[in-house]
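Reading through the structure tokens given below for one structure.
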Amino acid sequence: MKHVITLFSLSVVASVCLLAQTPSAAPKTLSLDDAVKIALDRNLDIAQAENNGVSAHSGVLAAYGSYLPSLSASAGWQRQQNDNAATTVLIGGYPQFRPAASSITNNFSSGLSVGYTLFDGFNREATFNKAVSNSVSTDDQTARTRQNIVFLVQSSYLNVLRNEQLVKVNEENLKRDQRQLDRIVESNKVGSLSIADVYRQQSIVATDELNLINAQNTFDKSKADMLALIGLDVAEDYAFADKTISPDIDEKELKLTTGIMTSFDDLRKKALTVRPDYLSAVESFHGAESGQTSAVSRYYPSLTAFAGYSLSNTEIASLSDNKGVNWGLSLRWTLFDGFSTNQAIQAAAAAKRNAELIVLQKERSVNVDVKKALLDVESARKQYAASLKSVLSATQDRRVAEERYNLGSGTLLDLLTASANYVNAEASKVNATYNYIIAKRNLDYVVGDRPY
């Protein structure tokens, strides 16, 4: 029995080992283009904007229908019963008795009528123009929503790559300090270094481990935020990699952005020409103008042409025996409506003025957005250039401090200071790199000339 139990235990252990050694499924790799496509397909804000567009387009169709004649058909049946009580009447001076009687009459009818508005004070034209403006404005809002989602995805994706690079920086720093700890321990064993140096280096390694844990946690959370933004399951494992995004920026790229502030006027004018949210505000203003015209139209008379064809009879089989045709014109003019038309005109005029103010405010916002985006690009370019110098200087300083410490002419404190400066320089370079990339993409976003 003991042998059986032993064999069973060994088999269980072997199975667990095999499962542990079985490689897990490789995570799916998402490029930036993949993430953008998924977001455009699954984002709820875009879906809502597109639904609003469908509704606005139906409004245009309805407004176009007001130019067409109206056509209606009708049919009816009416049953009438008359009951007469018994009575005595005088006929030729002699009384005559009439018994009680009851009669039932059926009436069947059908008709076809057509009407057409010849003039309604230009209300029809104003309503159509307003519907078109509303439709175009809604389409522009949808386009801007898509641009906004794309920029959010780009920023989130680049933030994931940034955090991944920071994890690598902390990993390399931990490895270097761990190797240094090993050298210090060996030197202490032969008596060339004190135990205080060992303790101090152990503290530094422990701090490096904590920094790595925090960096990894930040990286994992940024991935979860990214997956939630584009509508993927956060429980699944994804890797983020894009060959088109380099962690280093070449000198040619930096030269292209030198003096970018001089292009402010051109970019501002371009944004006011193509940016969807500004164009949407302009179309809303045009719609408000049409709304004011529609309100004023109530002061004018309306003229309608109509025609009809009807059939009627007491028996449905003989319905076509009695025919009727009618046609004519109808003029309607409201001479006084208790100042409701005046109130509607004042409300429409206020809406027009507010729409005009929104256009002016949107123009100011566009100018500010472009100006700030250019400032961010210029600042990011300078920060990246400075970070390169900082990394180069920190690398040399750390190498010298390490060599001096190993030769015994330098202190551990000097080496630790140089190492900390090097890590900070590397992290600053990573942040400067992705700040520059995000700033360039933000400039594209505020100009708003890229359709998605």
Side-chain angles (χ1 to χ4, degrees), residues 155-184 197 200-223 240-242 245-258 260 375-407 409-442:
S155 300
S156 181
Y157 191 96
L158 291 169
N159 192 47
V160 171
L161 298 184
R162 177 212 306 269
N163 292 330
E164 185 178 22
Q165 291 297 319
L166 292 176
V167 169
K168 294 179 180 179
V169 169
N170 283 275
E171 286 177 344
E172 291 298 323
N173 183 57
L174 176 59
K175 291 178 182 178
R176 283 192 299 266
D177 286 343
Q178 183 62 51
R179 289 194 299 266
Q180 184 66 27
L181 175 60
D182 295 338
R183 287 194 295 267
I184 293 175
D197 286 350
R200 188 177 291 113
Q201 187 64 25
Q202 287 176 341
S203 176
I204 294 299
V205 171
T207 301
D208 292 341
E209 292 175 347
L210 179 60
N211 291 336
L212 177 58
I213 292 173
N214 291 333
Q216 184 65 49
N217 184 52
T218 301
F219 172 53
D220 292 337
K221 290 194 295 184
S222 64
K223 288 200 301 182
F240 297 86
D242 196 310
I245 302 175
S246 173
D248 297 308
I249 303 173
D250 57 24
E251 189 67 24
K252 182 179 179 181
E253 170 65 22
L254 293 176
K255 289 182 178 180
L256 291 176
T257 57
T258 302
I260 194 173
L375 290 172
D376 288 340
V377 172
E378 181 68 9
S379 175
R381 182 189 67 82
K382 293 179 179 179
Q383 290 176 16
Y384 181 78
S387 69
L388 294 180
K389 298 177 182 178
S390 178
V391 169
L392 179 61
S393 176
T395 301
Q396 298 296 332
D397 184 45
R398 189 182 190 281
R399 182 180 296 112
V400 171
E402 187 173 9
E403 291 177 354
R404 291 182 62 189
Y405 179 75
N406 292 335
L407 295 174
S409 60
T411 64
L412 180 59
L413 180 60
D414 293 336
L415 176 59
L416 295 179
T417 302
S419 297
N421 291 336
Y422 174 78
V423 173
N424 291 334
E426 283 286 340
S428 297
K429 177 179 177 294
V430 171
N431 287 320
T433 300
Y434 288 98
N435 286 341
Y436 177 82
I437 298 174
I438 292 176
K440 289 294 293 293
R441 294 181 183 269
N442 179 59

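Just so it is clear, the structure is predicted and the values come from calculations on it, not from any experiment. Just so you know, these numbers use all the heavy atoms, side chains as well, and skip hydrogens, waters and symmetry mates.
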Do [X] and [Y] sit within salt-bridge range, that is, some charged N less than 4.0 Å from a carboxylate O?
X: Lys255; Y: Glu251; result: no
X: Arg200; Y: Asp197; result: yes
X: Glu378; Y: Arg381; result: yes
X: Glu402; Y: Arg183; result: yes

Q: Taking side-chain hydrogen bond (donor to acceptor under 3.5 Å, both in side chains) as the test, write out the residues that go with Asn406, two or more places apart.
A: none
Q.
Less than 3.5 Å apart, any donor N or O on the side chain of Arg398 or Asn421 sitting next to an acceptor on the other?
A. no
Q: Report the C-alpha distance between Val169 and Asn173 in whole Å, list the side-chain angles of each, state the deciding distance to 0.1 Å, and finish with yes or no for side-chain contact (heavy atoms from CB on, under 4.5 Å).
A: CA-CA 6 Å; Val169 169; Asn173 183 57; 5.5 Å; no
Q) How many angstroms lie between CG in Asp414 and OG in Ser419, if you round to the nearest 0.5 Å? A)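 Rounded to the nearest 0.5 Å, the CG-OG separation comes to 10.5 Å.
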Q: Hey, could you give me the CG/OG distance between Asn442 and Ser155, rounded to the nearest 0.5 Å?
A: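 Going from the CG atom of Asn442 to the OG atom of Ser155 covers 7.0 Å.
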Q: Please lay out, stage by stage, how Ile437 and Leu161 fare under the test side-chain contact (heavy atoms from CB on, under 4.5 Å).
A: CA-CA 11 Å; Ile437 298 174; Leu161 298 184; over 6 Å; no
Q: Kindly indicate whether the side chain of Glu426, heavy atoms from C-beta on, has any atom under 4.5 Å from the side chain of Glu172.
A: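 Side chain of Glu426 against side chain of Glu172, heavy atoms only: no contact under 4.5 Å found.
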Q: Grab the two heavy atoms, one from Tyr405 and one from Gly410, that are nearest each other, plus how far apart they are.
A: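 Smallest interatomic distance, heavy atoms only, reads CD1-O, 3.5 Å.
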Q | Any pair counted as ring-ring contact (aromatic ring centres under 6.0 Å, His included), so long as it reaches residues 155-181, sequence neighbours left out | A | Tyr157-Phe240
Q) Leu210 and side chain to side chain contact (heavy atoms under 4.5 Å, CB included): which partner among Asn214, Leu212, Thr207, Asp208? A) Asn214
